[in-house]
Engineer: 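Take a look at this one; I'll ask things after.
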Amino acid sequence: MSIVRTIFLQCSPASVSPFSAPSPSSNRVSVKFTVSCCSVAASPVTVVNGNVDKKPLDRNEVRLGLPSKGRMATDTLDLLKDCQLSVRQVNPRQYVAEIPQISNLEVWFQRPKDIVRKLVSGDLDLGIVGLDIVNEYGQGDEDLILVHDALDYGDCRLSLAIPKYGIFENVNSLKELAQMPQWTAERPLRVATGFTHLGPKFMNENGLKHVTFSTADGALEAAPAMGIADAIVDLVSSGTTLRENNLKEIEGGVILESQAVLVASKRSLIQRKGVLDITHEMLERLEAHLKAAGQFTVTANMRGSSAEEVAERILSQTSLSGLQGPTISPVFCKRDGKIAADYYAIVICVPKKALYKSVQQLRAIGGSGVLISPLTYIFDEETPRWRQLLSNLGL
């Protein structure tokens with residue numbers, strides 16, 4: 001069931017932003033806000049006297065929530081595919097799918113904010129969303145736990161932005177904004193945002209007292225020019241959209257640096273059978289793939305009197321140390337009827353940015369027949385994030 005309430009606010013020209021031009025055709029400004037909420041009949045959450053009673057559904061399947069639309073959805077599916085965890089969706093119109101490589105795992109496509117809400121309610125066990133969404137809709141819920149905090153996509157920042165013109169022309173920091181005499185109890189700083197938890201929290205923590213917030217979704221950059229708001233709090237990637245709308249970020253105005261994260265329900269990890277094992281497998285696959293990103297295996301032959309002598313030459317070069325050191329093996333050949341090992345094969349791992357320099361250094365110390373191939377996975381003995389997760393769970 002869905003409840004939608006539309007609110008019309010009217011204000012006199014005096015309340016219009018002091019840097020916007022008055023409208024010649026009207027003496028009053030009307031602003032419409034639409035607030036909606038929805039409830040799902042199958043939700044296990046019961047509200048009693050305003051408190052949420054979390055009751056996980058009695059089910060055996062482990063549920064993973066993934067974004068249903070947009071760039072985040074595409075990048076998430078691509079990452080999972082790169083980790084050999086391809087999502088199979090029989091019908092693109094269905095919101096449920098599976099990952100054949102992991103048994104007993106259901107994939108549910110949801111809006112990012114609903115993923116967080118359903119993790120809290122117990123409808124989902126795991127989810128991949130942006131850190132900004134976790135903080136905005138999780139609101140510090142102790143049941144939410146970050147399994148992987150840096151999936152290397154969806155990078156953005158939640159930031160406060162103000163106009164470049166008018167009374168803000170010479171304002172370049174949060175401190176200067178807070179000290180502006182214009183903001184009073186009767187005329188507060190008006191901020192338009194979709195982040196109604198993080199926005200007010202940030203302002204309170206930074207001592208901005210006279211602030212009001214209006215809820216808006218999409219095209220927030222137009223709000224100051226329309227006189228609806230004095231500033232906005234929104235996600236910023238490159239900053240191009242802000243600049244094209246004559247807005248600017250200010251020093252101290254970044255609220256949160258965000259990217260895609262793997263988040264879980266702590267209760268599910270501890271209580272629901274299979275969740276911890278599936279989380280371990282997903283975490284290992286993600287860690288191994290992300291660690292290998294941008295890394296290359298370099299193999300070459302090198303003449304030498306012994307493996308130690310070859311190792312000494314290799315380690316004298318700054319770009320040839322590899323992850324833990326070079327792997328050196330004898331290359332056997334038959335000469336005059338006898339087996340001899342005049343050459344040694346070396347294998348090292350180097351980052352992409354140092355690849356050509358490494359090849360040059362190899363050649364300089366006698367390397368030949370250099371072969372290069374990209375790495376797909378680097379599995380550690382045990383991922384540090386897994387140890388940290390167990391520690392956070394008290395296991």
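Just so you know, these numbers come straight off a predicted model, no measurement behind them. All values below were derived from every heavy atom in this structure, side-chain atoms included, with hydrogens, water molecules and symmetry-related copies excluded.
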Engineer: Could you give the distance from CD (Glu98) to CH2 (Trp108), rounded to the nearest 0.5 Å?
Structural biologist: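 Spacing of CD (Glu98) from CH2 (Trp108) equals 13.0 Å.
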Engineer: If every non-hydrogen atom of Asp82 is compared with every non-hydrogen atom of Tyr377, which pair is closest and at what distance?
Structural biologist: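 In this case the closest contact between Asp82 and Tyr377 is O-OH, 3.0 Å.
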Engineer: Would the distance check show the side chain of Ser258 and the main-chain N or O of Leu131 forming a donor-acceptor pair, the cut-off being under 3.5 Å?
Structural biologist: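 Yes, Ser258 side chain to Leu131 backbone: donor-acceptor pair under 3.5 Å.
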Engineer: Give the minimum heavy-atom separation between Asn392 and Lys266, together with the two atoms involved.
Structural biologist: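 Where Asn392 meets Lys266 most closely, the heavy atoms are O-NZ, 4.4 Å.
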Engineer: Donor-acceptor check, side chain of Thr76 to backbone of Met72, threshold 3.5 angstrom: yes or no?
Structural biologist: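 Yes.
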Engineer: Output, in order, the C-alpha distance, side-chain angles, deciding distance and verdict of side chain to side chain contact (heavy atoms under 4.5 Å, CB included) for Asp141 and Leu119.
Structural biologist: CA-CA 10 Å; Asp141 193 293; Leu119 283 168; over 6 Å; no
Engineer: Taking all atoms of both residues into account, what is the closest heavy-atom pair of Ser159 and Val236, and its distance?
Structural biologist: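 For Ser159 and Val236, the tightest heavy-atom pair comes out as CB-CG2, 4.1 Å.
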Engineer: May I ask you to decide whether Asp230 forms a salt bridge with Arg190, counting only side-chain N to carboxylate O separations under 4.0 Å?
Structural biologist: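 Judged by the 4.0 Å cut-off on N to carboxylate O distance, Asp230 and Arg190 do form a salt bridge.
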Engineer: Cut-off 3.5 Å, side chains only: do Arg243 and Thr240 have a donor facing an acceptor?
Structural biologist: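 Yes, because at least one side-chain N or O of Arg243 sits under 3.5 Å from a partner of the opposite role on Thr240.
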Engineer: Is the backbone N or O of Glu251 less than 3.5 Å from a side-chain atom of Asn172, with the two atoms forming a donor-acceptor pair by type?
Structural biologist: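 Checking the backbone N and O of Glu251 against the side chain of Asn172, no donor-acceptor pair under 3.5 Å is found.
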Engineer: Hey, are the side chains of Gln89 and Val107 touching, using non-hydrogen atoms and a 4.5 Å cut-off?
Structural biologist: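 No; the side chains remain at least 4.5 Å from each other.
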Engineer: Contact between Phe202 and Leu174 at the side-chain level, heavy atoms closer than 4.5 Å - yes or no?
Structural biologist: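 Yes, their side chains come closer than 4.5 Å.
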Engineer: Quick check on Lys248: does its NZ atom have over 12 non-hydrogen neighbours (other residues, nucleotides or ligands) under 6.0 Å away?
Structural biologist: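 Above 12, so yes.
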Engineer: Inspect the contact between Asp78 and Lys81 and indicate whether a charged nitrogen and a carboxylate oxygen are less than 4.0 angstrom apart.
Structural biologist: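 The answer is no: the pair does not qualify as a salt bridge.
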Engineer: Checking Tyr153 against Arg71 for the side chain to side chain contact (heavy atoms under 4.5 Å, CB included) test, could you report, in this order, the C-alpha distance in whole Å, the side-chain angles of both residues, the deciding distance, and whether it holds?
Structural biologist: CA-CA 10 Å; Tyr153 68 96; Arg71 179 68 179 271; over 6 Å; no
Engineer: Is there side-chain contact between Pro67 and Ile115, with heavy atoms separated by less than 4.5 Å?
Structural biologist: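 Sidechains of Ile115 and Pro67: in contact.
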Engineer: List the atom of Val233, the atom of Thr193, and the distance in Å for their closest heavy-atom pair.
Structural biologist: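 Scanning both residues, the minimum pair turns out to be O-OG1, 2.7 Å.
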Engineer: Is the backbone of Pro374 close enough, under 3.5 Å, to the side chain of Lys352 for a donor and an acceptor to pair up by distance?
Structural biologist: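 No, the answer is negative, given that no donor and acceptor are paired below the 3.5 Å cut-off.
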Engineer: Pick out which of Val263, Thr279, Leu283, Leu389 makes a side-chain contact (heavy atoms from CB on, under 4.5 Å) with His148.
Structural biologist: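 It is Leu283, the one option of Val263, Thr279, Leu283, Leu389 that forms the side-chain contact (heavy atoms from CB on, under 4.5 Å) with His148.
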Engineer: Mark yes or no for whether Arg285, through its side chain, and Gln84, through its backbone, hold a donor-acceptor pair below 3.5 Å.
Structural biologist: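 Yes; judged by distance alone, with no hydrogens or angles, the pair exists.
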Engineer: Using 0.5 Å steps for rounding, measure from the CZ atom of Arg187 to the OG1 atom of Thr212.
Structural biologist: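 Separation between the atoms: 8.0 Å.
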Engineer: Give the cluster check for Ile278 versus Ile145: same hydrophobic cluster or not, with ILVMFWY residues linked at side-chain heavy-atom distances below 4.5 Å.
Structural biologist: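 Yes, one cluster joins them.
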Engineer: If we ignore hydrogens and angles and just use 3.5 Å, is the side chain of Glu136 paired with the main-chain N or O of Thr196 as donor and acceptor?
Structural biologist: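 Checked: pair present.
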Engineer: Under 4.0 Å between a Lys/Arg side-chain N and an Asp/Glu carboxylate O for Asp380 and Arg385?
Structural biologist: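 Looking at Arg385 together with Asp380, the answer is no, because their closest N to O distance does not fall below 4.0 Å.
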Engineer: Please answer whether the main-chain N or O of Asp123 pairs with a side-chain N or O of Arg63 as donor and acceptor at a distance below 3.5 Å.
Structural biologist: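 Such a contact is found between Arg63 side chain and Asp123 backbone.
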Engineer: Determine whether Ile255 and Val116 fall in the same hydrophobic cluster, where Ile, Leu, Val, Met, Phe, Trp and Tyr are linked whenever their side-chain heavy atoms lie under 4.5 Å apart.
Structural biologist: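 Yes, same cluster.
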Engineer: First locate atom CG of Leu126, then atom CG of Leu64, and finally report the distance between them rounded to the nearest 0.5 Å.
Structural biologist: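 Reported to 0.5 Å precision, the distance equals 6.0 Å.
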Engineer: Should Arg59 and Asp125 be marked as a side chain to side chain contact (heavy atoms under 4.5 Å, CB included) after you check the CA-CA gap, both sets of side-chain angles, and the distance that decides it?
Structural biologist: CA-CA 11 Å; Arg59 54 181 168 80; Asp125 306 304; 2.9 Å; yes
Engineer: Considering only heavy atoms from C-beta outward, does the side chain of Gln295 approach that of Pro351 to under 4.5 Å?
Structural biologist: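 Side-chain contact under 4.5 Å: yes.
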Engineer: If hydrophobic clusters are built from ILVMFWY residues whose side chains come within less than 4.5 Å, do Leu198 and Ile250 share one?
Structural biologist: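 Result: yes, single cluster for both.
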Engineer: Any chance you could measure Glu309, atom CD, to Tyr344, atom OH, to the nearest 0.5 Å?
Structural biologist: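 Here the rounded value is 8.5 Å.
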Engineer: If you draw a 6.0 Å radius around OH in Tyr95, do more than 12 non-hydrogen atoms from other residues or ligands fall strictly inside?
Structural biologist: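 Counting other residues, nucleotides and ligands, OH of Tyr95 stays at 12 neighbours or fewer.
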Engineer: Please tell me if the side chains of Leu85 and Leu286 come closer than 4.5 Å, counting only heavy atoms from C-beta onward.
Structural biologist: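 They are not in contact (no side-chain heavy atoms under 4.5 Å apart), so the answer is no.
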Engineer: At their closest point, which heavy atom of His210 faces which heavy atom of Trp183, and how far apart are they?
Structural biologist: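 Distance-wise, the nearest heavy atoms are CD2-O, 3.5 Å.
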Engineer: Look only at the side chain of Gln139 and the backbone of His197, and say whether a donor-acceptor pair between them is shorter than 3.5 Å.
Structural biologist: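 Flag not set: sc Gln139 to bb His197 has no pair under 3.5 Å.
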Engineer: Answer yes or no: is there a donor N or O on one side and an acceptor on the other, between the side chain of Glu257 and the main chain of Arg157, under 3.5 Å?
Structural biologist: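 No; zero donor-acceptor contacts below 3.5 Å.
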Engineer: Measure the spacing between CD1 of Ile162 and CG of Leu247 and express it to the nearest 0.5 Å.
Structural biologist: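 Those atoms lie 9.0 Å apart.
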Engineer: Run the numbers on Asp277 and His280 for side chain to side chain contact (heavy atoms under 4.5 Å, CB included), then give the verdict.
Structural biologist: CA-CA 5 Å; Asp277 290 338; His280 187 201; 5.6 Å; no
Engineer: Would you indicate whether Glu382, at its atom CD, is surrounded by more than 12 heavy atoms from other residues, nucleotides or ligands within a distance under 6.0 Å?
Structural biologist: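 For Glu382, atom CD is crowded (more than 12 foreign heavy atoms under 6.0 Å).
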Engineer: Does CD belonging to Glu312 count more than 12 external heavy atoms closer than 6.0 Å?
Structural biologist: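 Result for CD/Glu312: open.
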Engineer: May I ask you to test the Leu79-Ile128 pair for a side-chain heavy-atom distance under 4.5 Å?
Structural biologist: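 No, too far: nothing below the 4.5 Å cut-off.
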Engineer: Working to the nearest 0.5 Å, report the span between CE of Met282 and CG of Leu262.
Structural biologist: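 One gets 5.5 Å once the value is rounded to the nearest 0.5 Å.
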Engineer: Hydrophobic cluster membership, with links at side-chain heavy-atom distances under 4.5 Å among I/L/V/M/F/W/Y: are Val62 and Ile99 in one?
Structural biologist: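 Linked within one cluster.
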Engineer: Treating Gln317 as the side-chain partner and Ser358 as the backbone partner, does any N or O pair qualify as donor plus acceptor under 3.5 Å?
Structural biologist: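 Pair absent, no side-chain N/O of Gln317 close to backbone of Ser358.
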Engineer: Got Val211 and Phe213 here, is their nearest side-chain heavy-atom distance under 4.5 Å?
Structural biologist: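 The answer is yes; the side chains approach within 4.5 Å.
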Engineer: Exactly one of Arg117, Arg267, Lys118 should register a salt bridge (charged side-chain N to carboxylate O under 4.0 Å, His left out) with Asp143. Which one does?
Structural biologist: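 So, applying the salt bridge (charged side-chain N to carboxylate O under 4.0 Å, His left out) to Asp143 and each of Arg117, Arg267, Lys118, only Arg267 qualifies.
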Engineer: Using the side-chain contact (heavy atoms from CB on, under 4.5 Å) rule, pick out the option among Val347, Val370, Leu371, Ile346 that qualifies with Val298.
Structural biologist: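 Exactly one option meets the side-chain contact (heavy atoms from CB on, under 4.5 Å) with Val298, and it is Val370.
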Engineer: Under a 3.5 Å threshold, yes or no: a donor from one side chain and an acceptor from the other, between Thr241 and Glu221?
Structural biologist: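 Distance-only check fails for Thr241 and Glu221.
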Engineer: With the side chain counted from C-beta on, respond yes when Gln259 and Asp152 share a heavy-atom pair under 4.5 Å apart, and no when they do not.
Structural biologist: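 Touching, per the 4.5 Å side-chain cut-off.
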Engineer: Val254, Leu220: one ILVMFWY side-chain cluster at the under-4.5 Å cut-off?
Structural biologist: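 Unlinked, Val254 and Leu220 end up in two clusters.
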Engineer: Considering all heavy atoms of both residues, which atom of Val129 and which atom of Pro112 are nearest to each other, and what is their separation?
Structural biologist: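 Minimum heavy-atom contact is CG1-O, 3.7 Å.
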Engineer: With a cut-off of 6.0 Å (strictly less than), are more than 12 heavy atoms of other residues, nucleotides or ligands near CZ of Arg387?
Structural biologist: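 Yes, the 6.0 Å shell around CZ holds more than 12 heavy atoms from other groups.
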